[in-house]
Protein chains: 2
Amino acid sequence: MQAFAYKNEWVYASSDSLNDNEPMALSQAIMTALIEDDMSGYELAQSFDSSLGLFWRASHQQIYQELKKLSEQQLLNKREVSQSGKPNKIVYGLTLLGREALQEWVYKESKVQEAKDDLLVKLYNLDASNVSHMITELEGRRENIMQRLYLYERIRRRHYADPDSLPIRRQGVYLALLGGIRNGEQYLGWCDEALKQLASIDSD
Amino acid sequence: MQAFAYKNEWVYASSDSLNDNEPMALSQAIMTALIEDDMSGYELAQSFDSSLGLFWRASHQQIYQELKKLSEQQLLNKREVSQSGKPNKIVYGLTLLGREALQEWVYKESKVQEAKDDLLVKLYNLDASNVSHMITELEGRRENIMQRLYLYERIRRRHYADPDSLPIRRQGVYLALLGGIRNGEQYLGWCDEALKQLASIDSD
DNA sequence: TTTTTATATGCAAAAGCTTGCATAAATGAT
DNA sequence: ATCATTTATGCAAGCTTTTGCATATAAAAA
């Protein structure tokens with residue numbers, strides 16, 4: 001068992017904190033987005049700004065590349081759809097193979113990943129000269145989270161007011177949304193704690 | 001301004017939710033880890049299991065590659081250190097240029113990044129056949145977070161019992177730690193909510 | 001009528017990260 | 001003596017992601 005020292009204090013790392021490597025979940029995120037409705041790359045990129053994309057962002061290049069790969073692997077099928085007033089689009093849908101692969105993936109163990117938030121790294125660099133900048137950044141973050149929470153709450157009230165009565169899959173989506181809401185609420189609270197602390201430093 | 005539909009509900013995306021691209025923060029995370037003490041790649045990889053690494057993980061290969069790049073850019077210097085009973089190590093330290101670059105980086109705007117948690121994607125795939133597996137995964141996640149929280153709390157009590165009396169940089173580290181603690185507490189609460197909901201589905 | 005905006009898709013190169021392997025010194029265990 | 005483990009560093013191939021174009025249709029605005 002591996003041990004490390006944190007300032008005279010010895011800590012034993014639990015084995016599950018180490019890398020047990022999973023492929024990417026981008027492909028699964030895309031397939032998941034296609035469970036109920038077929039979509040084009042462009043629509044996916046947009047829907048990633050809402051719904052699943054509340055938790056999983058991807059650029060359009062990433063999406064197009066992944067769609068190409070997934071359809072080469074027969075996990076997705078594609079068809080061109082003519083539109084009036086717009087260029088044609090290529091709509092992707094899950095194949096039976098894709099649905100099976102997705103269901104199997106659910107059973108594979110997933111790793112816990114840490115936040116990787118730039119702001120936390122920045123806080124390690126806090127000093128008298130940048131306190132006011134940190135306050136500004138935290139305020140921006142706070143505003144950002146507020147907006148996100150507002151959106152989440154609207155979705156919740158509109159579509160998940162009575163979660164117990166929803167079909168099972170929707171209850172899962174609800175739990176993910178709830179995770180987003182709880183996380184946002186917590187982040188907001190932390191911002192306020194941190195801002196209070198920073199304000200007291202700044203006034204010294 | 002870009003708009004998208006979420007189930008009949010129109011939402012206007014705020015501009016800051018889009019990609020404004022930052023380089024990587026791995027290099028900054030490494031430089032930050034070297035602010036107070038010089039370290040070898042091996043020591044960095046280990047310290048990434050504690051301290052900053054509570055929030056930012058990196059493999060040893062990633063670290064060695066980054067150290068090489070950073071010293072080529074004159075942001076770090078290196079020296080070989082002989083050890084008794086162990087192979088020699090190469091110890092890296094921040095150069096003046098590195099310290100300046102780090103201080104400047106703090107002022108660059110950082111993006112908010114979403115969770116990218118596999119578990120949330122899996123929840124979108126919830127159905128009658130995998131409810132019990134989801135419960136198992138959530139219980140595992142809960143256990144994992146508990147352990148992490150326990151570690152955080154130990155560190156907090158041992159080194160940050162009276163944050164106001166700490167030097168400024170340490171107060172920043174404390175705020176990051178507090179973020180980890182608050183986030184863990186929230187995640188734990190959400191796990192319990194979700195487990196309760198899943199249990200009620202499973203018993204139907 | 002030209003320009004801008006939204007829709008729609010993609011390539012190619014570069015950068016970054018993961019995976020698998022390889023090496024080596026020193027200690028301790030068999 | 002040999003083997004396993006810990007400490008310590010790194011290469012090379014492959015995969016993923018980002019960055020920077022590039023293209024094209026159609027509507028709307030200037």
Between [X] and [N], is there a side-chain N or O to OP1/OP2 distance below 4.0 Å?
X	N	answer
B:Y42	D:dT7	yes
A:Y64	C:dG10	no
B:K69	C:dG16	yes

Euclidean distance, B:L188 CG relative to B:R141 CZ, rounded to 0.5 Å =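 It is 12.5 Å, given to the nearest 0.5 Å.
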key: CD1-CG distance between A:I63 and A:L26, expressed to the nearest 0.5 angstrom   =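 Going from the CD1 atom of A:I63 to the CG atom of A:L26 covers 7.5 Å.
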[atom1] of [X] versus [atom2] of [N]: gap in Å, rounded?
X	N	atom1	atom2	answer
A:L26	C:dT18	CG	P	15 Å
A:L67	C:dC11	CG	C1'	15 Å
A:L44	C:dG10	CG	C1'	15 Å
B:Q73	C:dG16	CD	P	9 Å
A:N88	D:dA24	CG	C1'	11 Å
A:K89	D:dA26	NZ	P	15 Å
B:Q46	D:dT7	CD	C1'	8 Å
B:R57	C:dT18	CZ	C1'	16 Å

If you check every side-chain atom of [X], which of [options] has the closest atom?
X	options	answer
A:K86	C:dT7, D:dT9, C:dT18	C:dT7
A:Q62	D:dA8, D:dT17, D:dT16	D:dT17
A:I90	C:dT9, C:dT7, D:dT9	C:dT9
B:H60	D:dT9, D:dA24, C:dG10	D:dT9
A:S40	C:dT9, C:dT7, D:dA8	C:dT9

Ignoring hydrogens and geometry, is there a side-chain-to-backbone donor-acceptor pair from [X] to [Y] under 3.5 Å?
X	Y	result
B:Q171	B:L166	yes
A:W190	B:G180	no
B:R57	B:G53	yes
B:D127	B:N130	yes

task = Between A:P87 and A:E66, name the one whose nearest nucleotide on DNA chain D is closer to the 5' end.
result =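 Checking each residue's closest nucleotide, the 5'-ward one belongs to A:E66.
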key: Toward the 5' end of DNA chain D, by each residue's nearest nucleotide, B:K68 or B:E43   =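 Final value for this comparison: B:E43.
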query = Got a sec, which pairs hit salt bridge (Lys or Arg N to Asp or Glu O under 4.0 Å) with one end in residues 84-102 of chain B, sequence neighbours left out?
reply =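 Of all non-adjacent pairs touching residues 84-102 of chain B, those that pass salt bridge (Lys or Arg N to Asp or Glu O under 4.0 Å) are B:E43-B:K89.
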request  = Please list all pairs passing the salt bridge (Lys or Arg N to Asp or Glu O under 4.0 Å) test where one or both residues lie in residues 176-196 of chain B, with sequence neighbours left out.
outcome  =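 Only A:R182-B:E193, A:E193-B:R182, B:R142-B:D192, B:R182-B:E185 qualify under salt bridge (Lys or Arg N to Asp or Glu O under 4.0 Å).
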Just the table, please: protein N/O against nucleotides 12-14 of chain D N/O, every pair under 3.5 Å.
none

request  = Just call it for A:K78: base, sugar-phosphate, or nothing, with non-hydrogen atoms closer than 4.0 Å on any strand.
outcome  =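 Answer is nothing: A:K78 stays at 4.0 Å or more from every strand.
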